[in-house]
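Structure first, commentary second.
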Amino acid sequence: MSITLTINGEEHEVEAAPDTPLLWVLRDHLGLTGTKYGCGVAQCGACTVHVDGVPRRACVAPVGSVAGKAVVTIEGVSGPEADAVREAWTELAVPQCGYCQSGQIMSAVALLKSRPSPSDDDIDRGMAGNICRCATYVRIRRAIKQAAGEGER
Amino acid sequence: MPSSPPASSFLRLGRRGFAAGAGSLVLGVVLRRHLRADAPGPLADVEGGDASPDLWIALEEDGTARITCHRSEMGQQVWTAMCQLVAEELEVPWEKVVVEQALGDPKYGDQNTDGSRSVRFNFTRLRIAGAAMRQMLEQAAATRWGVGAAQCRGVQGEVVHEGSDRRLPYGELAAAAAALTPPPERRIQLKDPDQWRYVAKPTPSLTIPAIVKGEGTFGIDVRLPEMLYAVVARPPQVLGSVRSFDDTAARRVPGVVRTIQLPAITAPVAFKPLGGVAVVARNTWAAIRGREELEVEWEAGPNASYDSEAYAETLFAQVREAGRVRRERGDTMGALDSAHQRVEAEYYVPHLAHSMMEPPAATARWDGDRVECWACTQNPQAARSTVAQVCGVPEANVTVHVTWLGGGFGRKSKQDFVAEAALLAREMGKPVKVTWTREDELRHGYYHTVSAQRLEGALDESGACTAFLHRTVFPPIASTFQEGANEPGWGDLRLGASDTPFAVPHLRLETGEAEAHVRIGWLRSVANIYHAFAVQSFVAELAHAAGRDPKDYLLELIGPPREIDPRTEGAEYDNYGSSMDTHPIDTGRLRAVTEMVAELADWGRTLPEGHGLGIAAHRSFTSYVATVVEVAMVDDRLTIPAVWSVMDAGTVVNTDHALSQLEGGTLFGLSNALYGEITAKDGAIVQDNFPRWRVMRMNESPPRMEARLVPSGAPPGGVGEPPTPPAAPALANAIFAATGTRVRRLPIFGADRRDRLGGAR
Ligand code: FES
Ligand code: FES
């Protein structure tokens, strides 16, 4: 079945069953491999994308459910929050292997959009769904605070 | 289906974020020397291996320095570290550095990115390679100007003539320099450490700018034209096999192309694929769906009765028996028998899984009898030999490209997944990518072994420890490579058991036998995990029995600054591959990190109600780490408000990235201690995904973590693994301080998500 998707502002026509998870359509059909697989069951956050501005786990989002909606991936995420997050992530050398970091960044950008000055509790709640096995949590927390500080200027 | 050719996906790994199309990249003339074609150059054999500059550096006319990294990038920032070493002595601007990932090839020497040794083993030779190239450029400029080479200096991409204002960019000199023979080692002049601009500094990462944009190619991201996607249904038990299968429903799943039965595995398991049935499809999801519809009858094989609960009892029974003595000082048993006070404790650490966030993934493509593989492997030379062996082709016919690794932790040192891709691609006549799902990763791992340990200590009237007995029992790593191997080897014991550095008159290490029933692998810091947990917990138990402060007691056991050599007490000891002369077991350094971390944590201060501090210190991979954990048990809820860690890793190449390892490695150890447990029932692994296999999350990580490096001019030690071992005992000691409950069995939280201290979380 042919489905029309809007990804990072561009329209794509894909041939896929509507119940195919968005994750595999992004990665295999469209070659957008920045969005990662980590568990397939909405437990790790590696596949986090934004759908109409809201973070969603692409591994459990049927592609049919996002037709006609604006999907944003790590390759396309932009705006002041995304800039601030990328800058803080780079300056504080947050990533180690980097595999979870697409998802971490997508969650952090969404968090800062809804909470421009997040407290520690906000960070815990907003980021608890993203596992980092390299355990870069110390720096993720610090970088979110730094990015929030810059967002205020 | 859009797909990019393989070359371009690798160019995208470059730090400049090259666009995918190869046409968008215009290379300057790459100038390389080919000395090795006829004879080895004068630097072919320096400490650590071949330092011939042409093996490591390609200079381009525009001044770009392409530096080859022969180790695998898995988050330890080895790309950055290796390039720092070369660029330091080559004297190129950091912005001009571009990394090239090496293929698996013995010409680079050891490429097994494992054992925290990339920097330890390459610190000298990569600097020599850079310096040799710089001196050749200086010579080329000297000849051009008709002056002495001694007056010419390479500085940040240019050779400068000190007697005049003349300067020439490296790019212009590259061709002339390439015609020269590298200087012999005795004529290489390395910088003094006070001249370093990149080394021992927080030099910026070469990977992070790409990571934050979602760029870079991991093993799971590889895409080739016409590629097919596979997942494999593997036997639930190790050495199990396929009795029969029915793929009718699987083949009806849209996108499924074919099913293929893989050859059954035979002992020893080594790095061989596990066998089973592969489902090959047009995309990953179709392959996963197809596998769900596959019906397989399994032959359970010889490990079908493995049951973790029963096995724990077997281990405890064994550890209560006298074992084989592996190190002995004095008369430990006599001293224990005549002790004023005898303290005894038993510890248990379960199997653990690696669960790096990127599960294993590999892609292969055949061309006649030659095969090219792309894989997130920690050891591309082993991938080559495994593929050659499994596919029955000469090693020379196997090419292995190393992608980025989304974490390794030892799992990706094992090459079974690469061989699966090679077998399937040959069968399909097309490129095939094999993806392991999380379920596959957890159920079919090379697990951290399961262990029981018994410790006994003798205290005299003053409370001083006079005798120390450590007995350790676990299925050894050797069982993976040698059928029936059931006794700890020196390679397991050197990891925190045979090198215990305590100043006691009587000391003994014993081992017992234990059979393996799953593939035993190695996980970040390996046997140090359970050995440090038992030894450093027991130190605090002895302190408690003696009525002493645990930090003071630990320092007393470590004793005065001196060097320890376990070989004088009957142990074989290889010191992690480093010389005992350059990397001795130095109790002074272990003391120093212990004292520093205590000061940092303000040890001895008055704590809030329900809080407790625990301390542990451990040497591994020739580095020294001490950790203090603060826990709070409030309303029956255990939390970790703060952690402090201090590491002495000798000379550190990248201070910021080493701190990141210290932070992450410490939390990795805490995560395993809090939640990590893999269990088997009927020979099959029970845990199949998060959250049944649980790892630390942001909301469970300590809000405060302070990490410090000890400034040191000593030769480099390991960095990736040493932070992990002291974390678990520091945590257990803190829990005891806060609650009076002694944790001797890990993990702290059970499968019911309740802690084994009587509380829940
Ligand atoms: S892959 Fe989607 S949450 Fe883990
Ligand atoms: S950086 Fe490696 S998993 Fe997060």
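Values reported hereafter were calculated over all heavy atoms of this structure, with side chains retained and with hydrogens, waters and symmetry mates removed. Order of the sequence lines sets the chain letters (A, B, ...), proteins ahead of strands, with each chain counted from 1.
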*chain A heavy atoms under 4.5 Å from Met357(B): which part of the residue, side chain, backbone, both or neither?*
both
*So Arg697(B) and Ile131(A), side-chain contact (heavy atoms from CB on, under 4.5 Å) or not? Walk me through it.*
CA-CA 6 Å; Arg697(B) 293 171 180 274; Ile131(A) 295 175; 3.5 Å; yes
*asked:* Using heavy-atom distances under 4.5 Å, tell me whether Ile123(A) contacts chain B through its side chain, its backbone, both, or neither.
replied: both
*Select one option (side chain, backbone, both, neither) describing which atoms of Met696(B) are under 4.5 Å from chain A's heavy atoms.*
both
*Can you tell me how far the CG atom of Asp688(B) sits from the SG atom of Cys39(A), to the nearest 0.5 Å?*
11.5 Å
_Portion of Pro359(B) that has a non-hydrogen atom of chain A nearer than 4.5 angstrom_ = side chain
*How far apart are the C-alpha atoms of Arg704(B) and Asp120(A), what are their side-chain angles, what is the distance that settles it, and do they pass the salt bridge (charged side-chain N to carboxylate O under 4.0 Å, His left out) test?*
CA-CA 11 Å; Arg704(B) 177 165 175 217; Asp120(A) 273 328; over 6 Å; no
*Taking Ala82(A), Gly126(A), Pro21(A), Gly129(A) one by one, which has the highest count of heavy-atom pairs under 4.5 Å against chain B?*
Pro21(A)
_Heavy-atom pair of closest approach, residues Pro95(A) and Ile208(B)_ = O-CD1, 3.6 Å
*Do Arg27(A) and Asp221(B) come close enough that some side-chain heavy atom pair is under 4.5 Å?*
yes
*State, yes or no, whether a side-chain contact exists between Thr33(A) and Thr217(B) at a heavy-atom distance under 4.5 Å.*
no
*Hey, which of Gln661(B), Gln76(B), Gln77(B) is the one that makes side chain to side chain donor-acceptor pair (under 3.5 Å) with Gln96(A)?*
Gln661(B)
*What's the verdict on side-chain contact (heavy atoms from CB on, under 4.5 Å) for Tyr37(A) and Arg438(B), showing C-alpha distance, side-chain angles and the deciding distance?*
CA-CA 9 Å; Tyr37(A) 164 85; Arg438(B) 178 61 56 200; 3.7 Å; yes
_residues 41-62 of chain A: residues contacting chain B (heavy atom under 4.5 Å, by number)_ = Val41(A), Gln43(A), Cys44(A)
*Which answer fits Thr666(B), side chain, backbone, both or neither, if we ask what part of it has an atom under 4.5 Å from a heavy atom of chain A?*
neither
*Given that the side chain runs from C-beta out, which part of Trp436(B) has a heavy atom under 4.5 Å from chain A: side chain, backbone, both or neither?*
backbone
_Which portion of Asn654(B) sits near chain A, non-hydrogen atoms under 4.5 angstrom_ = neither
*Would you check if the side chain of Arg133(A) reaches a backbone N or O of His354(B) as a donor-acceptor pair within less than 3.5 Å?*
yes
*Which bit of Asn689(B) comes within less than 4.5 Å of chain A, counting heavy atoms only: side chain, backbone, both or neither?*
side chain
_Please classify the contact between Thr90(A) and chain B as side chain, backbone, both or neither, with a heavy-atom cut-off of under 4.5 Å._
both
_How close do Val212(B) and Arg86(A) get, counting heavy atoms only, and between which atoms?_
O-NE, 2.7 Å
_Test side-chain contact (heavy atoms from CB on, under 4.5 Å) applied to His29(A) and Asn283(B), step by step_ = CA-CA 8 Å; His29(A) 297 244; Asn283(B) 57 69; 3.6 Å; yes
*Shortest non-hydrogen contact between Gly406(B) and Cys97(A), atoms and distance*: C-SG, 3.5 Å
*Which residue pairs pass the ring-ring contact (aromatic ring centres under 6.0 Å, His included) test when at least one of the two sits in residues 90-133 of chain A, sequence neighbours left out?*
Tyr99(A)-Phe218(B)
*If you tally heavy-atom pairs under 4.5 Å against chain B, which of Cys132(A), Gly34(A), Ala128(A) wins?*
Ala128(A)
_Considering all heavy atoms, the nearest Trp24(A)-Ile288(B) contact_ = CZ2-CD1, 4.1 Å
*Is there side-chain contact between Arg139(A) and Leu659(B), with heavy atoms separated by less than 4.5 Å?*
yes
*Output the option from Thr35(A), Val138(A), Ile140(A), Ile105(A) having the highest count of non-hydrogen pairs under 4.5 Å with chain B.*
Val138(A)
_Closest-packed option against chain A by number of heavy-atom pairs under 4.5 Å, given Leu670(B), Ile220(B), Leu442(B)_ = Ile220(B)
*Please collect all ring-ring contact (aromatic ring centres under 6.0 Å, His included) contacts where either partner lies in residues 56-84 of chain A, sequence neighbours excluded, each pair once.*
none
*Determine the minimum heavy-atom distance between Ser102(A) and Gly214(B), stating which atoms define it.*
OG-CA, 4.1 Å
*Using a cut-off of under 4.5 Å for heavy-atom pairs, which of Met127(A), Lys36(A), Gln101(A) has the most such pairs with chain B?*
Lys36(A)
*Which heavy atom of Asp656(B) sits nearest a heavy atom of Ala93(A), and at what distance?*
OD2-CB, 3.4 Å
*With a 4.5 angstrom heavy-atom cut-off, could you sort out which part of Leu405(B) is near chain A: side chain, backbone, both or neither?*
backbone
_Members of residues 65-80 of chain A whose heavy atoms come closer than 4.5 Å to chain B_ = Ile74(A), Glu75(A)
*May I ask you to test the Tyr137(A)-Pro703(B) pair for a side-chain heavy-atom distance under 4.5 Å?*
no
*asked:* So does Thr284(B) get a backbone contact from the side chain of Asp28(A), meaning a donor-acceptor N/O pair under 3.5 Å?
replied: yes
*At a heavy-atom separation under 4.5 Å, does Arg142(A) approach chain B through its side chain, its backbone, both, or neither?*
side chain
